[in-house]
2 protein chains.
Amino acid sequence: MSDTPSKPSLRLSQFLPYRLSVLSNTVSRNIADLYDRAFGLSIWQWRVMAVLGENSGITATEIGQVTAMDKVAVSRAVSGLLDSGHIARRASKEDARRAILTLTAKGKEVYDQIVPIALAAERDLVETLSGEEQAQLASLMEKLARAAEPDRPLW
Amino acid sequence: MSDTPSKPSLRLSQFLPYRLSVLSNTVSRNIADLYDRAFGLSIWQWRVMAVLGENSGITATEIGQVTAMDKVAVSRAVSGLLDSGHIARRASKEDARRAILTLTAKGKEVYDQIVPIALAAERDLVETLSGEEQAQLASLMEKLARAAEPDRPLW
DNA sequence: ATAATATAGTTTCATATGTAACTAATTTGC
DNA sequence: GCAAATTAGTTACATATGAAACTATATTAT
């Protein structure tokens, strides 16, 4: 008698896209809670501030490119941060469509406070990994990111 | 003169929670598109079907535990799948609060068609990794998941 | 036996998010 | 130099999501 061709089977709990999604949602929820409780910031608002902290005086569009946020998400985050006084906006002299964004003094202060918190949260996450494992992780994620989005910009 | 104590710095693009989130969203969006275009299923509906395909005759609460979905999300996915005829529901004899869920013939058919598609999508994602790298990835994600949610059930 | 509590699942409501339409400014093609 | 096409950013609308309230059943304690 012939072999039954074994049907390809799917074990959800071992399915990479599923595991990635559950892991990422858990991590994001933890971190979002942290930012929200301590400073009333959404994760999107924090990302905008993080980019401005690294690289002040850029535009909403540039922030979108760096953070992989779409322009509506950036616009909303920016609007909230303007209201709360964490960032300031002025029109570009060369191109009146563009708005140059910068952290305010208050924004810088908050930024300086959050950075160590964010880094500590990351450390909590990876501290059980050896240095070699951490390097592997970074490399594997880079490869996956490239496979998932072939025309992704390198960083 | 004394050294300036180097301020801990954050490079968003190297920040693990951020990278995880962007990667996971990209992968999920790709896959959700796949399910939606081919079968009109949301990712949540597909997860419910995937669990029922592995383990038929369980309840909504059990599905929630297995899939890390909250009960509202399960309820909504179930409701859509009942409407579309992919699953069936009957009350439990022992406990009338519980509803036993199963794939219908139509649901089984769709399940059998999606499984290879899902596995192919996963293969596309990991095919650039060596077997050893794939094993490392699984192990690293398991460790991260445990760090992110210490009381997580083992699988 | 019955009142209080807990559980399964649904519905409601408030908020978040994505897509598309829109406004204003700039650049391009002729 | 000006109409057509692009680009930056916002607004509007439709849908998705999460928290809390709710309904119905089951369990526990007295």
Side-chain angles (χ1 to χ4, degrees), chain A residues 21-22 24-33 35-37 40-48 51-52 57-84 87-102, chain B residues 21-22 24-33 35-37 40-48 51-52 57-84 87-102:
Chain A
S21 165
V22 172
S24 163
N25 287 341
T26 305
V27 170
S28 287
R29 199 168 26 243
N30 288 347
I31 296 217
D33 262 26
Y35 300 154
D36 182 32
R37 265 204 303 272
L41 296 173
S42 75
I43 221 168
W44 309 108
Q45 290 176 332
W46 164 244
R47 283 193 192 166
V48 167
V51 171
L52 290 178
I58 65 178
T59 67
T61 300
E62 292 168 323
I63 292 176
Q65 290 160 352
V66 175
T67 58
M69 289 165 69
D70 77 61
K71 64 182 180 171
V72 177
V74 175
S75 173
R76 289 199 261 242
V78 163
S79 146
L81 291 169
L82 288 168
D83 287 351
S84 57
I87 67 176
R89 171 165 65 183
R90 63 187 155 79
S92 160
K93 288 224 157 165
E94 309 89 55
D95 183 341
R97 290 170 306 180
R98 293 189 188 157
I100 307 297
L101 302 168
T102 50
Chain B
S21 165
V22 171
S24 163
N25 287 341
T26 305
V27 170
S28 287
R29 200 169 24 244
N30 287 348
I31 296 219
D33 262 27
Y35 301 153
D36 182 32
R37 265 205 302 271
L41 296 172
S42 76
I43 220 167
W44 308 108
Q45 291 177 330
W46 165 242
R47 281 193 193 167
V48 168
V51 172
L52 290 178
I58 64 178
T59 67
T61 300
E62 292 168 322
I63 291 176
Q65 290 161 350
V66 175
T67 58
M69 289 166 69
D70 77 61
K71 64 181 180 172
V72 178
V74 174
S75 174
R76 288 198 261 243
V78 162
S79 147
L81 291 168
L82 288 169
D83 287 351
S84 56
I87 68 175
R89 170 166 64 184
R90 63 187 156 78
S92 160
K93 287 224 156 164
E94 309 88 56
D95 185 340
R97 290 171 305 182
R98 293 188 188 158
I100 307 296
L101 302 169
T102 49

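Within every chain, numbering begins at 1; the chains are lettered A, B, ... in the order of the sequence lines, protein sequences first and strands thereafter.
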To the nearest Å, give me how far apart [atom1] ([X]) and [atom2] ([N]) are.
X	N	atom1	atom2	answer
A/R47	C/dA16	CZ	C1'	15 Å
B/K93	D/dT25	NZ	P	17 Å
B/R76	C/dG9	CZ	P	16 Å
B/I63	C/dT10	CD1	P	11 Å
A/D70	C/dA16	CG	P	15 Å
A/K71	C/dA24	NZ	P	15 Å
B/E94	C/dA8	CD	P	14 Å
B/I58	C/dG9	CD1	P	10 Å

Ignoring backbone atoms, establish whether [X] has a side-chain N or O less than 4.0 Å from OP1 or OP2 of [N].
X	N	result
B/W44	D/dA16	no
A/R89	D/dT10	yes
A/S79	D/dT10	no
B/S75	C/dT11	no

### Task
Look at the side chain of A/V72 and decide which nucleotide, out of D/dT11, D/dA26, D/dG9, has an atom nearest to it.
D/dT11
### Message
Let's see if you can work this out: which of D/dA26, C/dG9, C/dA25 has an atom nearest to the side-chain heavy atoms of B/A96?
### Response
D/dA26
Which heavy atom in [X] sits nearest to a heavy atom in [Y], and how many Å separate them?
X	Y	result
A/A77	A/V48	CB-CG2, 3.9 Å
A/I43	A/A32	CD1-CB, 4.1 Å
B/G40	B/Q45	O-OE1, 3.9 Å

### Query
Base, sugar-phosphate, or nothing for A/T59, non-hydrogen atoms under 4.0 angstrom?
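Sugar-phosphate, backbone atoms only, no base.
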### Query
When we call it a touch if two heavy atoms are under 4.0 Å apart, what does A/A73 touch: a base, just sugar-phosphate, or nothing?
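The answer is nothing, as A/A73 stays clear of every strand by at least 4.0 Å.
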### Task
Tell me which of A/S42 and B/L82 sits closer to the 5' end of DNA chain C, going by the nucleotide each one is nearest to.
B/L82
### Task
Assign each of A/T61 and A/R29 to its nearest nucleotide of DNA chain D by heavy atoms, then name whichever residue's nucleotide is nearer the 5' end.
A/T61
### Query
Does A/S24 reach the main-chain N or O of A/S21 with its side chain, forming a donor-acceptor pair under 3.5 Å?
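Looks like no, no N/O pair under 3.5 Å.
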### B/V22 and A/T67: CA distance, side-chain angles, deciding distance, side chain to side chain contact (heavy atoms under 4.5 Å, CB included) verdict
CA-CA 9 Å; B/V22 171; A/T67 58; over 6 Å; no
### Summary
Once base and sugar-phosphate atoms are separated, protein heavy atoms under 4.0 Å mark nucleotides 1-7 of chain D, 5' to 3', with B, S and - as -----BB
